[in-house]
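The structure under discussion appears below in the form of structure tokens.
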2 protein chains.
Amino acid sequence: ILTLRGVTKSYRMGKENIVHALRGADLDLAEGEFVAIMGPSGSGKSTMMNVIGCLDAPDDGTYVLDGHDVAKLKDDDLAEIRNRKIGFVFQGFNLLPRLTAIENVELPALYGNPKQRKERARRALESVGLGDRFHHKPSELSGGQQQRVAIARALMNEPAMILADEPTGNLDTRSSAEILAIFQHLNDQGKTVVMVTHEPDVAAHCKRIVRMRDGRISSDEPVPVQ
Amino acid sequence: ILTLRGVTKSYRMGKENIVHALRGADLDLAEGEFVAIMGPSGSGKSTMMNVIGCLDAPDDGTYVLDGHDVAKLKDDDLAEIRNRKIGFVFQGFNLLPRLTAIENVELPALYGNPKQRKERARRALESVGLGDRFHHKPSELSGGQQQRVAIARALMNEPAMILADEPTGNLDTRSSAEILAIFQHLNDQGKTVVMVTHEPDVAAHCKRIVRMRDGRISSDEPVPVQ
Ligand SMILES: Nc1ncnc2c1ncn2[C@@H]1O[C@H](COP(=O)(O)OP(=O)(O)OP(=O)(O)O)[C@@H](O)[C@H]1O
Ligand SMILES: Nc1ncnc2c1ncn2[C@@H]1O[C@H](COP(=O)(O)OP(=O)(O)OP(=O)(O)O)[C@@H](O)[C@H]1O
Ligand SMILES: [Mg+2]
Ligand SMILES: [Mg+2]
């Protein structure tokens, strides 16, 4: 479903300071895979996820998604692919503070049928255990509840690929297990799931672990079947 | 150092919906303890930390901190105690987006000697592994790096008590171990450390685990010495 070759991303801080977030990453991902991305804090995992999710363009290298050379796509084609095919769970949640939980979840489907949209948003929130928090704003929710709203929003358009950046960082064991069961279920239906995690027991649910270090992929191994 | 009795906190949402975040919590904490607070997402851990850290007043119950009845303290006395005695690491980091890492860390000591303040902020950032990120703003830092800036800021005034809400939620194993070593070191020096965590191996570093469920304390046990 996607191929990255030599993907490089740097940030220039002031005159003489350059941060190399990605230094030539190669990655092949087939449809329906269930991959964990691990690595030290600052190693480039979120930057990698932003490139895969077409949220950020690399400075060098190629990225082919679903047969399209992403660098050559027009902005609105890119937005179309991103909105329909990719569900993104951000590390910082990125919920809109003035909208309620259900309004945040509805956002990706704003141009669709309103009745279906409300019903789908309700079901997405119920599936992450927030059936009794529809009308709370982010500041009226706990950290883990905000994280779960962000997960529900990513599921809204039933995307072909889910990119989740540390989706269980604020969740207790039981809530984490519920979220992993959702991702497992989507993967069983053929959806591609890529998850950044720092928790080994969360990564053990995946079928492949890609490890990053200093902006490069340091290892890429299948998870042994338990 | 502190005693909570019957602490209650509710949020009224609209006309007929009340959320009981804390339903009568009792807690005694002695100086120099090292306590983990665990429990399901939404069980009241952050609300409890906000009450302990004098950031939020309970609706009912009593809170005595260092011999003072917190409910009877004048606002500026409360702010004085909070600023000098308590270091708070927020679950959502709460960094000011327009300030650099070092400016965020300096904030708690703004009224002190500038030269000492800059030096202390530098050392706090170096101790959490961010010696090469002083001048980055939060949006120019990874999730785990932002979390570590929030930890460095809490250490700035060398407070007697550190309250850390999910301080390792975005950190890989090695960065987590470095942060836990800092908390362990502070506790060895006699500082009181209270940490919310959902990770059992992080809680195992503490000496006592308080578990919460539905706004109440469901268990309170010492950690068996390994
Ligand atoms: N400002 C608010 N208005 C309304 N409800 C709130 C508010 N803040 C918290 N709540 C509710 O109070 C309950 C306790 O919230 P709290 O943040 O203390 O939980 P928590 O244990 O820290 O959860 P997590 O592990 O997900 O961070 C939650 O169900 C939440 O929805
Ligand atoms: N906008 C930016 N400007 C400058 N540097 C940046 C920016 N965004 C990220 N960085 C730097 O690039 C490196 C990689 O960041 P990234 O967010 O991808 O790391 P990460 O692996 O997700 O870390 P974490 O596990 O802490 O979330 C970090 O060292 C960070 O400081
Ligand atoms: Mg990240
Ligand atoms: Mg919380």
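Below, all heavy atoms of this structure are taken into account, side chains as well, without hydrogens, waters or symmetry copies.
For B:R5, the CZ atom sits in a packed shell: over 12 heavy atoms of surrounding residues, nucleotides or ligands are nearer than 6.0 Å. Atom CG of A:D75 has 12 or fewer heavy atoms from other residues, nucleotides or ligands within 6.0 Å.
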Sequence neighbours left out, cut at 3.5 Å: what donor-acceptor pairs do the side chains of residues 12-25 of chain A make with other protein atoms?
unit_1: A:H20; atom_1: ND1; unit_2: A:S10; atom_2: OG; d: 3.2
unit_1: A:R23; atom_1: NE; unit_2: A:D214; atom_2: O; d: 3.0

Can I get a per-line list of side-chain donor-acceptor pairs under 3.5 Å for residues 152-159 of chain A, giving both atom names and the distance, sequence neighbours left out?
unit_1: A:R153; atom_1: NH1; unit_2: A:N94; atom_2: O; d: 3.0
unit_1: A:R153; atom_1: NH2; unit_2: A:F93; atom_2: O; d: 3.0
unit_1: A:N157; atom_1: ND2; unit_2: A:N83; atom_2: O; d: 3.1
unit_1: A:N157; atom_1: ND2; unit_2: A:P108; atom_2: O; d: 3.1

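Proximity to chain B is limited to the side chain of A:E199, based on heavy atoms less than 4.5 angstrom apart. Within the 4.5 angstrom heavy-atom criterion, atoms from both the backbone and the side chain of B:Q145 approach chain A.
Looking only at heavy-atom pairs under 4.5 Å with chain B, the residue among A:P40, A:S142, A:G39 that has the most is A:P40.
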Next item on the list: Could you walk me through whether A:Q146 and B:Q91 pass side chain to side chain contact (heavy atoms under 4.5 Å, CB included), step by step?
Entry: CA-CA 11 Å; A:Q146 292 175 42; B:Q91 188 171 9; over 6 Å; no
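Taking 4.5 Å as the heavy-atom cut-off, the residues of residues 171-178 of chain B that approach chain A are B:L171, B:D172, B:T173, B:S175, ordered by number. At a heavy-atom cut-off of under 4.5 Å, chain B is reached by A:S41, A:G42 from residues 41-56 of chain A, listed in order of number.
Rounding to the nearest 0.5 angstrom, the gap separating the CG atom in B:N170 from the OG1 atom in A:T197 is 10.0 Å.
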